[in-house]
Amino acid sequence: MSVPRHGAQSCDVLMTTLSRMCGIIGYVGTKSAEDIVLEGLRRMEYRGYDSAGIALVAVDGLVTAKKAGKLANLEKALADQPLPPATTGLGHTRWATHGPPVDRNAHPHVSADRKAAVVHNGIIENFGALRSELERAGLELSSDTDTEVVAHLLAAAHAAQTGPDAGRLAAAMRAVCLRLEGSFSLVTVHADHPGQVVGARRNQPLVGGIGDGEYFLGSDVSAFIAHTRDALELGQDQVVTLDVEHGVTVTDFAGTPVQPKRFYVDWDAAAAEKGGYAWFMLKEIDEQPAAIADTLRGRLSETGQIVLDEVRLSDEDLRDIDKVFIVACGTANHAAMVAKYAIEHWTRLPCEVELASEFRYRDPVLDRSTLVIAISQSGETMDTLMALRHAKDQRARVLAICNTNGSTIPRESDAVLYTRAGPEVAVASTKAFLAQLAACYLVALYLAQARGTKYADEIAAIVAQLNMLPDAVADTLGRMDQVRAIGRELAKEPTILFVGRHVGYPIALEGALKLKELAYIHAEGFAAGELKHGYISLIEEGTPVVTVIPARGRNSVHSKVISNIQEMRARGAKTIVIAADGDDEVAPYADHLIYVPTTPTLLAPVLTAIPMQVLACEIADIRGLDVDQPRNLAKSVTVE
Ligand code: M6R
């Protein structure tokens, strides 16, 4: 199928396609490919920042530049040694999988005849066998990567073609893809095709962009959002050709034409820019009232029913459910842990939370009456996707909570509730987490409604409480000077502990995760009740412990946690306590007392998470670290 060159129209609304590992971009048009590729890489650097590279098809053939380290290194190299002008090119920002992050392993990788350049996101599992085959044929490979084999195979396939496919880059790409095992999104340019960029995808993200006489490929729409909001969703096992003369053509790996789905990106370049903030994370923390409000907006129908975005499950299906599993990774897993309390309390369904990376390996008991909820900001996290597929194989129903419209996890689910947090660029998840919490409450209420475990007026009362959260979040954000001051005080500590109970326990885990990933400080989160079972040994004179106090609605737990704080203090802990307004019982035992607005117990994590985010951000900043791009990490993880 061919997509016309001009006249792109709005289709399905796609909110954000940010995140994942390695960023790739391809461009063909009339402007400077170098400028466009570098700008796209700048926007996608959060996806990986071990190295960066670029290839252009210039008048005299293919030219490349690549450098280990952040994009700035490549930009400096290009300033020192400019590349010739070109209007076709590609680029890559890497999160290393095969081979250390050094220049020779940076993408693009180039074929021996120096005609084809390839960038790749994913893992080619049979690259060892392919590499041996190439070496037996006398090729000397110059990198440790799995990607380089693709460049050589592609050049060979291109050269070997006969018949109608002779000289067709897309046909060569299809032939190579059929030989690859694993997951990949690939983009290539070739010296013999100065007006073409070809891409392919299997189990890794790749989207197209349609501009005015120019075309883009990107790991996500941020790659080209500054130039066009008209985008193309590319399916599994598809090859796409961008041709400056003939527009966009998509086929499957067998060469059969495919009609890609077009969509309009409903956020603009400004939404993915820092907008005057020192860090994306600070901006995204401040965007949280809107993220919650937008996630809740319109979710209650005129008849008072909670509505999801895409539901391929009937109320009858939901009434048949007798067990819920929630699978997710990292911060999304902490949202899942909070959701468990709400689901069990409001629906009386048993609910288990499982790290997505562990789920399928323990052979969980699943059947048609199991609902598996997959939570993912990116919608592409491989562990979560694999857990979802395992659940589907066992005939379980799957519901996705996701921030990325059109991404793989919601596409493969039976029902979807999109969070509407907008693009989240900082590696540390903040606004997506709060939006996930709001979405989890909605899903819990949806189940309660479908199963009749709550009356409509009870659901409406909880929805009214949810609707008060955006203001409460804004109020909490207005109190964060105190937390920043505490951050300055704790910035040099070697260890900080986080303690919680009930829904405060996942928030303690989240506080510890944030501090670890951003500030590289040893941090542990644990359940207050576990202190006496081992953790209290960690406490020495001056050890900072951040404790989330449960709301007083849970009196027995509230008083127990206050006792725990006293016990820790008696052993020298410096106590930093997060409590609801008016809770003064803990005051005598708190070295620092951080108040958040009072809200119902189950909803409190939306507020108590905020001081955790601000604390970690402040400490990382004071320690001179890159808050948005912590070492060794990428925004999300598309390899297992
Ligand atoms: O895109 P996902 O929500 O599936 O990502 C899951 C985790 O990788 C992610 O939440 C990670 O833990 C964050 N960097 C934490 O801030």
Side-chain angles (χ1 to χ4, degrees), residues 277-279 281-286 288 426 428 430 473 475-500 504-505 507-526 528 531 535-549 561-562 564-581 583-597 604-605 607-628 630-631:
Y277 285 83
W279 301 110
M281 184 177 179
L282 288 172
K283 175 177 174 247
E284 288 161 7
I285 287 173
D286 272 1
Q288 293 184 117
T430 53
V473 170
D475 182 348
T476 308
L477 287 170
R479 306 175 184 200
M480 288 297 106
D481 281 352
Q482 179 200 7
V483 175
R484 282 185 276 274
I486 297 170
R488 291 193 285 279
E489 186 183 317
L490 302 187
K492 293 208 170 109
E493 292 290 346
T495 294
I496 301 181
L497 304 178
F498 293 82
V499 180
Y505 169 43
I507 298 308
L509 295 177
E510 175 62 5
L513 175 62
K514 282 283 162 291
L515 197 69
K516 280 183 268 209
E517 74 174 328
L518 294 179
Y520 320 150
I521 290 179
H522 170 242
E524 285 210 42
F526 52 90
L531 266 169
Y535 292 91
I536 203 161
S537 299
L538 288 170
I539 291 173
E540 308 177 336
E541 193 58 39
T543 304
V545 184
V546 182
T547 306
V548 186
I549 299 267
V561 176
I562 292 185
N564 293 145
I565 291 171
Q566 292 176 55
E567 289 155 11
M568 292 189 284
R569 205 160 192 248
R571 285 154 181 87
K574 178 187 281 188
T575 55
I576 299 122
V577 178
I578 302 171
D581 277 342
D583 184 351
D584 47 16
E585 268 177 71
V586 72
Y589 318 109
D591 293 308
H592 294 286
L593 184 49
I594 302 162
Y595 279 122
V596 296
L607 306 183
T608 54
I610 294 170
M612 303 295 193
Q613 301 166 343
V614 173
L615 189 71
C617 184
E618 184 70 16
I619 293 178
D621 192 39
I622 290 170
R623 288 166 74 101
L625 301 172
D626 188 329
V627 170
D628 288 335
R631 70 182 177 202

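Every residue two or more places apart in sequence or in another chain was checked for a side chain to side chain donor-acceptor pair (under 3.5 Å) with Glu493, and none qualifies. Scored by the side-chain contact (heavy atoms from CB on, under 4.5 Å) test, Ala604 finds Thr599 as partners (sequence neighbours excluded). With sequence neighbours left out, Gln482 forms a side chain to side chain donor-acceptor pair (under 3.5 Å) with no residue at all. Here Asp626 pairs with Lys70, Trp279, Asp628, Gln629 under the side-chain contact (heavy atoms from CB on, under 4.5 Å) rule; sequence neighbours left out. Legend: residues meeting side-chain contact (heavy atoms from CB on, under 4.5 Å) with Asp581, ordered by chain and number and at least two apart, are Arg479, Tyr595, Pro597, Thr598. Residues passing the ring-ring contact (aromatic ring centres under 6.0 Å, His included) test with Tyr535, sequence neighbours excluded: Phe526. With sequence neighbours excluded, the residues that form a side chain to side chain donor-acceptor pair (under 3.5 Å) with Gln288 are Gln613. For Glu567, the side-chain contact (heavy atoms from CB on, under 4.5 Å) criterion is met by Lys532, Ile536, Ser563, Asn564, Arg571, not counting sequence neighbours. The side chain to side chain donor-acceptor pair (under 3.5 Å) search around Tyr277 returns Asp286, not counting sequence neighbours. For Glu284, the salt bridge (charged side-chain N to carboxylate O under 4.0 Å, His left out) test picks out no residue, with sequence neighbours left out.
The two atoms that bring Cys617 and Leu518 nearest to each other are N-CD1, 4.1 Å, heavy atoms only. The minimum heavy-atom distance between Pro611 and Leu607, with the atom names listed, is CD-O, 3.2 Å. For the residue pair Asp481 and Arg484, the shortest heavy atom distance occurs at OD1-NH2, 3.0 Å. The nearest pair of heavy atoms linking Ala519 to Ile619 is CB-CG2, 3.8 Å. In this structure, Ile565 and Ile549 approach most closely via the heavy-atom pair CD1-CD1, 3.3 Å. Taking each heavy atom of Gly500 and Ala508 in turn, the nearest pair found is N-CB, 3.6 Å.
In this structure the side chain of Glu618 never reaches within 4.5 angstrom of the side chain of Met480, judged on heavy atoms. Residues Gln566 and Ile562 meet the side-chain proximity criterion, which asks for heavy atoms closer than 4.5 Å. Side-chain contact between Leu615 and Ile576: absent, with no pair of heavy atoms (C-beta onward) separated by less than 4.5 Å. Here the side chains of Ile486 and Ile594 are in contact, with some heavy-atom distance below 4.5 Å.
Taking CZ from Arg488 and CG from Asp621, the interatomic distance works out to 10.5 Å, rounded to the nearest 0.5 Å. To the nearest 0.5 Å, atoms OG1 (Thr608) and CD1 (Ile578) are separated by 6.5 Å. To the nearest 0.5 Å, the span separating NZ on Lys516 from CD on Glu524 amounts to 6.5 Å. Rounding to the nearest 0.5 angstrom, the gap separating the OG1 atom in Thr430 from the CD atom in Glu510 is 9.5 Å. Between Ile496 atom CD1 and Leu490 atom CG the span is 4.5 Å, to the nearest 0.5 Å.
Because its NZ or CZ atom is both nearer than 6.0 Å to the ring centre of Tyr520 and within 45° of the ring axis, Arg631 counts as a cation-pi partner of that residue.
Residue pairs meeting the salt bridge (charged side-chain N to carboxylate O under 4.0 Å, His left out) criterion with at least one member in residues 584-594, sequence neighbours excluded, are Arg569-Asp591.
Remark: side-chain polar atoms of Thr476 are not paired, donor with acceptor, to backbone N or O of Val596 under 3.5 angstrom.
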What pairs of donor and acceptor atoms, side-chain ones from residues 539-548 against any protein atom, are under 3.5 angstrom apart with sequence neighbours left out?
residue, atom, partner, partner atom, Å
Thr543, OG1, Glu540, N, 2.9
Thr543, OG1, Glu540, O, 3.1

